[in-house]
Amino acid sequence: MKSGLVGGLLVVLGCAAMLKGDDVVTVKGEDAKLNNVFKAYLEKVFQAEPLTATRLGDHRFDDQLDDLSAEARAANVERDRKALSSLPEQVDYARLSRDGQIDFEIFRQHLERSIWLAENFKPFEDDPRIYGDYLTDSVYLPLSQSTQPRALVLKNLAQRMEKIPGVVKVARKTIKNPPKVKVETAIRQTQGAIDFYKTGLFELAAPNPQAADSKGLPALRDQAKPIVEALGEHMAFLKGEVLPRSNDDWRIGRERFAKKLELELDAGLTAVEVFAEAESEALRVEREMALIARVLWSTMFPKAPVPPDDELGRRLMTRRVLEEIAKDHGTPDSLVNDARATVDAIKTFIKDKDVITLPEPDRLRIIEMPEFKRGNSVAYLESAPPLDPLGASEYAISPPPSDWTPAQVKSFLGEYNSAMLKILTIHEAYPGHYVQLEYSNKCPSLIRRVLQSGTFAEGWAVYTEQMMLDQGFGGGDLKLRLQQLKFYLRAVVNAILDHKMHCEHMTDDEARELLMGRAFQTEGEALGKIIRAKQSSVQLSTYFVGRTAFYRLRQSLQREQGERFNLGRYHEAALAHGTLPVKYLPELVRKTLGNDH
């Protein structure tokens, strides 16, 4: 999933109805007061941070761009401080309904988290990747998702594009001595941005050059020229000045990691508890994988004896079987089409087995990841913006970099083999991120639609992988099951890696051994994950923590309800309350299913 928004609003969720007064659930009393307070806060955010408004689908500010000066950023933090201090004065928590109290807590938590992050991290100084949002997403998102008339979109973007060279000037004044790993990614993304303004922008703005809405294309080309020049200067600055003075100081340390995990995951678990649970779960999953690998061994290696039944032997056996499965893969050019080819069978299975009611109409597009977005993950889901919920969602997949060696490309394609692409599509699209976010857009609570929990979103997506196979997807194919377990083990090991990289000074070699030795990842995937761990913190823990919440709740409810338990209705109940912190799931799902006790 594509997570994290400029200005600290953590979602690409929401609903225009609550802001525009369309067909919505009526909110009364103290709950209405809270809703109005939040809408007033959002309005201030949108005025100060137009890109946040764009991401959320409010296009009133698409002709503007954020003031990224230190003074403006300080003012944004002060805005959040005032909102936090005045919240209990404006809204009486005790008079709220229980749903209102949950919304109050989510809003308060968001403000506390935003303030703490601003006080403890300086991304505009220490992470040059952040400028990419303003340089490219600010133009890409309205073109790819807005439902406004194309002529209006282009008119707004013409004015916004005039401000983009100013972002480069601010970056030059602001960026100090960031970690080298972040600078290197920013350089690659900047090259992608240059290519976007040279070619990709025009293909996106006017897919059919002969169409009536392409009349503004010549003017758009003229407007892009100074941006290309500015980005060239930015590239030279990053390569010639920032990279030489960059450092390896990317760890955030044990204390900040623990606090950040507490605030961002908001799951009722400490960093120590998450790490301990992940270590235990990794061992369990390894044992399960070994059992399946042992069954497959004789068909794949009929003349070879099974390796010794000890820790090293079991891992060797599992690795050999996975390597054999990995040989069934496509090419760099076929990767996106190969993913598209998985969709029909997955959607048909979901409908036939009543796994969950799928959103209609289906507005998901599967695309090759734009180059300026690459460098953080192999795939992501950019959901329809909530204040423009009829827009498209994009499931984007990145091919291997063009400068990779043949051996690296082979390793990459082996990782994302035919079986893995099915699991990836389940995770990113059906019934994973795309379906969940479409449900989220229909939640009555504006606060829950806008202030998304990444732990909920990632946890649901990981939960669906095993659930789909448990219900029979793949017809009991053990190769597919082993691939699913490998993908899940990756989520578990993500949490271990996250903790050890930032809290225990894990080296790159130790990280490679963890990822390749224990999690059976290919070298290319492992190297990419190490880079990702250095560029982020805590986010890699969301997958395991969220999945555990969904899985345990389901087991508990299924035992309580016995034969009355209906899997499809459980899934719909789990998604009915927005993308909220998973700690609220047991209470709300039980209430929805009439199992409140």
Side-chain angles (χ1 to χ4, degrees), residues 274-329 411 413-424 426-427 462-500 506 509-526 529-530 540 543-545 547-548 551-552 555:
V274 170
F275 178 69
E277 287 205 23
E279 285 277 26
S280 175
E281 180 71 347
L283 292 172
R284 186 195 69 78
V285 178
E286 284 185 80
R287 290 194 295 269
E288 189 171 348
M289 291 178 71
L291 287 173
I292 295 174
R294 186 176 299 278
V295 174
L296 288 169
W297 180 273
S298 62
T299 61
M300 291 183 171
F301 311 102
K303 296 182 180 181
V306 175
D309 189 16
D310 55 25
E311 183 177 299
L312 292 178
R314 288 189 292 270
R315 285 180 180 168
L316 172 63
M317 175 181 64
T318 302
R319 182 175 297 105
R320 288 280 306 278
V321 171
L322 285 168
E323 287 172 350
E324 195 68 17
I325 294 171
K327 292 179 180 179
D328 180 13
H329 62 72
S411 172
L413 294 174
E415 185 75 18
Y416 292 93
N417 56 69
S418 298
M420 181 65 91
L421 283 180
K422 293 177 183 178
I423 304 301
L424 187 65
I426 288 171
H427 178 105
V462 176
Y463 160 80
T464 63
E465 298 159 14
Q466 176 180 328
M467 177 274 296
M468 284 284 285
L469 269 63
D470 286 351
Q471 295 307 114
F473 179 74
D477 183 352
L478 291 181
K479 296 178 183 178
L480 184 63
R481 172 64 78 177
L482 192 61
Q483 202 67 52
Q484 175 265 312
L485 286 169
K486 175 185 172 180
F487 205 44
Y488 174 52
L489 182 60
R490 179 192 300 187
V492 179
V493 170
N494 277 350
I496 298 172
L497 179 73
D498 197 20
H499 189 282
K500 288 194 171 186
M506 173 179 260
D509 286 343
E510 291 169 339
R512 282 163 58 100
E513 175 55 32
L514 171 67
L515 296 170
M516 297 177 67
R518 287 193 62 188
F520 308 107
Q521 295 181 21
T522 60
E523 184 176 17
E525 179 68 22
K529 187 57 62 67
I530 292 169
L540 284 174
Y543 303 85
F544 169 64
V545 173
R547 182 269 183 190
T548 300
Y551 187 77
R552 286 180 177 169
Q555 302 306 304

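Only heavy atoms go into these numbers, but all of them, side chains included; no hydrogens, no water, no symmetry mates.
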*Mind checking side-chain contact (heavy atoms from CB on, under 4.5 Å) for L413 and listing every partner two or more places apart, or none if nothing turns up?*
H329, P332, V409
_Flag for Q555-R552: side-chain donor and acceptor within less than 3.5 Å_ = no
Pairwise distance [atom1]([X]) to [atom2]([Y]) - rounded to 0.5 angstrom:
X    : Y    : atom1 : atom2 : answer
E513 : M506 : CD    : CE    : 9.5 Å
L482 : I325 : CG    : CD1   : 4.5 Å
E324 : L296 : CD    : CG    : 10.5 Å
L489 : F544 : CG    : CZ    : 11.0 Å
Q466 : R481 : CD    : CZ    : 6.0 Å
L485 : L480 : CG    : CG    : 10.0 Å

Would you give me the side-chain donor-acceptor pairs under 3.5 Å for residues 307-315, sequence neighbours excluded?
unit_1: D309; atom_1: OD1; unit_2: R294; atom_2: NH2; d: 3.3
unit_1: D309; atom_1: OD1; unit_2: R314; atom_2: NH1; d: 3.0
unit_1: D310; atom_1: OD1; unit_2: L312; atom_2: N; d: 3.4
unit_1: D310; atom_1: OD1; unit_2: G313; atom_2: N; d: 2.7
unit_1: E311; atom_1: OE2; unit_2: R315; atom_2: NH1; d: 3.4
unit_1: R314; atom_1: NH1; unit_2: D309; atom_2: O; d: 3.2
unit_1: R315; atom_1: NE; unit_2: E286; atom_2: OE1; d: 2.8
unit_1: R315; atom_1: NH2; unit_2: E286; atom_2: OE1; d: 3.0

For the residue pair [X] and [Y], what are the closest heavy atoms and their distance?
X    : Y    : answer
N494 : L540 : CB-O, 3.1 Å
L515 : A526 : CD1-O, 3.5 Å
A278 : V492 : O-CG1, 3.2 Å
S411 : T522 : OG-CB, 3.1 Å

Please check this pair: side chain of [X] against backbone of [Y], looking for a donor-acceptor N/O pair closer than 3.5 Å.
X    : Y    : answer
N417 : G414 : yes
S280 : E277 : no
K486 : F520 : yes

Would you indicate whether the side-chain heavy atoms of [Y] and [X] approach each other to under 4.5 Å?
X    : Y    : value
H499 : V274 : no
M317 : V306 : yes
R490 : E415 : yes
T548 : E281 : no
T318 : I292 : no
Y543 : H427 : yes
L322 : M289 : yes
M467 : T464 : yes

*asked:* Consider side chain to side chain donor-acceptor pair (under 3.5 Å). Of Q483, R547, E288, which one does Y488 pass it with?
replied: R547
*Check step by step if side chain to side chain contact (heavy atoms under 4.5 Å, CB included) holds for R319 and M516.*
CA-CA 9 Å; R319 182 175 297 105; M516 297 177 67; over 6 Å; no
*Can you list every pair that meets ring-ring contact (aromatic ring centres under 6.0 Å, His included) and has a residue in residues 288-327, with sequence neighbours left out?*
W297-F301
